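Just below is one structure, and these are the notes that go with it.
Per chain, numbering begins at 1; letters A, B, ... match sequence-line order. The structure presented is a predicted model; accordingly, all values stated were derived computationally and were not measured.
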Protein chains: 2
Amino acid sequence: MSQTAIHEKLRLAGLRPTRQRLALAGLLFGSGDRHVSAESLHAEALKARAGVSLATVYNTLNQFTQAGLLREVAIEGARSYFDTNVSNHIHFFLEDEERLVDIPVADLDIKGLPQAPSGREISRIDVIIRLAPVKA
Amino acid sequence: MSQTAIHEKLRLAGLRPTRQRLALAGLLFGSGDRHVSAESLHAEALKARAGVSLATVYNTLNQFTQAGLLREVAIEGARSYFDTNVSNHIHFFLEDEERLVDIPVADLDIKGLPQAPSGREISRIDVIIRLAPVKA
DNA sequence: TTACATGCAAACTGTTTGCAAATAT
DNA sequence: ATATTTGCAAACAGTTTGCATGTAA
């Protein structure tokens with residue numbers, strides 16, 4: 001994704017293209033789909049010599065999520081992950097590496113879902129397939 | 001579930017039936033399926049005049065989970081939930097009430113699941129259907 | 001020029017832990 | 001008698017926030 005496209009992406013989301021946001025968006029959306037934690041993105045930003053504080057990384061991730069640019073994925077064990085792929089898909093979670101992997105949901109077919117209780121509607125379905133190393 | 005059954009349940013799990021564990025197990029397994037947080041279980045224990053510290057509630061929930069008596073459910077937003085239903089099922093999550101509801105998976109049928117990467121096997125599949133109130 | 005964004009450090013939440021006292025076997 | 005468990009308070013991790021400073025429009 002080009003610099004201009006990133007600029008435009010932020011503008012569309014109603015977020016001012018500040019130096020920090022551009023840097024973080026560059027890291028997030030510059031290459032393919034990614035899964036980051038606040039900590040890991042902050043580390044990357046430091047390595048890239050983008051002066052960005054951890055607090056700003058948190059704020060930015062939350063703003064991006066709220067704007068629909070990211071999707072949050074909850075995993076047991078405190079740490080939150082943010083996924084740059086906001087299209088319809090589910091996840092493998094590699095328990096040994098604590099890492100998420102996207103699964104395209106194209107040919108996934110869930111049948112027999114019960115109806116949402118009245119007055120409520122489905123806002124999202126989260127599916128996480130947890131994988132453990134095969135025991136020797 | 002009777003007192004004796006609870007006693008036996010702990011014994012089978014290799015956990016000494018201390019006063020605190022019996023009290024917490026009584027609350028957890030005494031009636032039907034439940035979803036508790038450490039905080040909520042602690043509050044219940046206090047109300048029931050069982051002298052149990054919050055630290056012990058945490059430790060006990062973890063021990064019970066490790067013993068397979070409980071299942072942990074991760075939801076975005078820090079707080080962990082523990083489910084007394086350890087059979088195969090999935091969850092509704094009522095976003096407005098921050099509450100979990102079990103869905104029996106009897107007639108649920110998931111097709112087209114991709115294969116686990118080699119060297120790994122599925123240890124669990126978590127499905128959470130998030131529900132929001134219908135906008136007026 | 002003004003409303004919004006940033007950085008720092010301090011606050012906060014949920015959870016874990018070290019250790020002395022208590023308890024189950 | 002001895003190994004385990006408990007409770008407290010302190011430590012801890014991840015995350016959020018207040019406020020002075022900096023920056024985009």
Expressed as a whole number of angstroms, how long is the span from B/Leu15:CG to C/dT23:P?
19 Å
Could you tell me whether the side chain of B/Tyr58 reaches within less than 4.5 Å of the side chain of B/Leu41, counting heavy atoms only?
no
Does C/dT6 have OP1 or OP2 under 4.0 Å away from a side-chain N or O of A/Thr18?
yes
Between D/dT16, C/dT15, D/dC8, which one does the side chain of B/Leu54 approach most closely?
C/dT15
B/Asp33 side chain to B/His89 side chain, donor-acceptor N/O pair below 3.5 angstrom:
no
Looking at every strand, decide which applies to B/Ser80 at a 4.0 Å heavy-atom threshold: base, sugar-phosphate, or nothing.
sugar-phosphate
Distance check needed: C/dA24 P versus B/Leu22 CG, whole Å only.
9 Å
Which is true for A/Asn59 with a 4.0 Å heavy-atom rule: it touches a base, it touches only sugar-phosphate, or it touches nothing?
base
Interatomic distance where CG belongs to B/Leu41 and P belongs to C/dT15 [whole Å]:
12 Å
Do A/His35 and A/Asn85 have side-chain N/O donor and acceptor atoms under 3.5 Å apart?
no
Sorted by position of nearest nucleotide on DNA chain D, 5' first, the leading residue of A/Phe82 and A/His7 is A/Phe82
Atom-pair distance (CD on B/Glu39; P on C/dT16), nearest Å:
13 Å
Rounded to the nearest angstrom, tell me the gap between atom CD in A/Glu98 and atom C1' in D/dG14.
14 Å
When all nucleic acid strands are considered with a 4.0 Å heavy-atom cut-off, which category describes B/Arg79: base, sugar-phosphate, or nothing?
sugar-phosphate
Indicate whether OP1 or OP2 belonging to D/dG7 is found under 4.0 Å from a side-chain N or O atom of B/Gln20.
yes
Just the rounded figure in Å: distance from P of D/dT16 to CD of A/Glu72.
8 Å
Side chain of A/Arg21 only, heavy atoms from C-beta on: which candidate in C/dA5, D/dC8, D/dA25 is closest?
C/dA5
When rounded to whole Å, the CG to C1' distance for the pair B/Leu46 and D/dC8 reads 14 Å
Looking at A/Tyr58, does any N or O in its side chain come under 4.0 Å of the phosphate oxygens OP1/OP2 on D/dT15?
yes
With DNA chain C as reference, determine whether A/Val52 or B/Asn62 sits nearer its 5' end, using the nearest nucleotide of each.
A/Val52
Hey, does the side chain of A/Thr56 come within less than 4.0 Å of C/dT6's phosphate (OP1/OP2), counting only N and O?
no
Looking just at side-chain N and O atoms, do A/Thr65 and A/Glu72 make a donor-acceptor pair shorter than 3.5 Å?
no
B/His42 NE2 - C/dT13 C1' separation (whole Å)
16 Å
Is it true that B/Arg120 and A/Glu97 have a side-chain N and a carboxylate O under 4.0 angstrom from each other?
yes
Judged by nearest nucleotide, the residue sitting upstream toward the 5' end of DNA chain D, B/Arg16 or B/Arg19, is B/Arg16
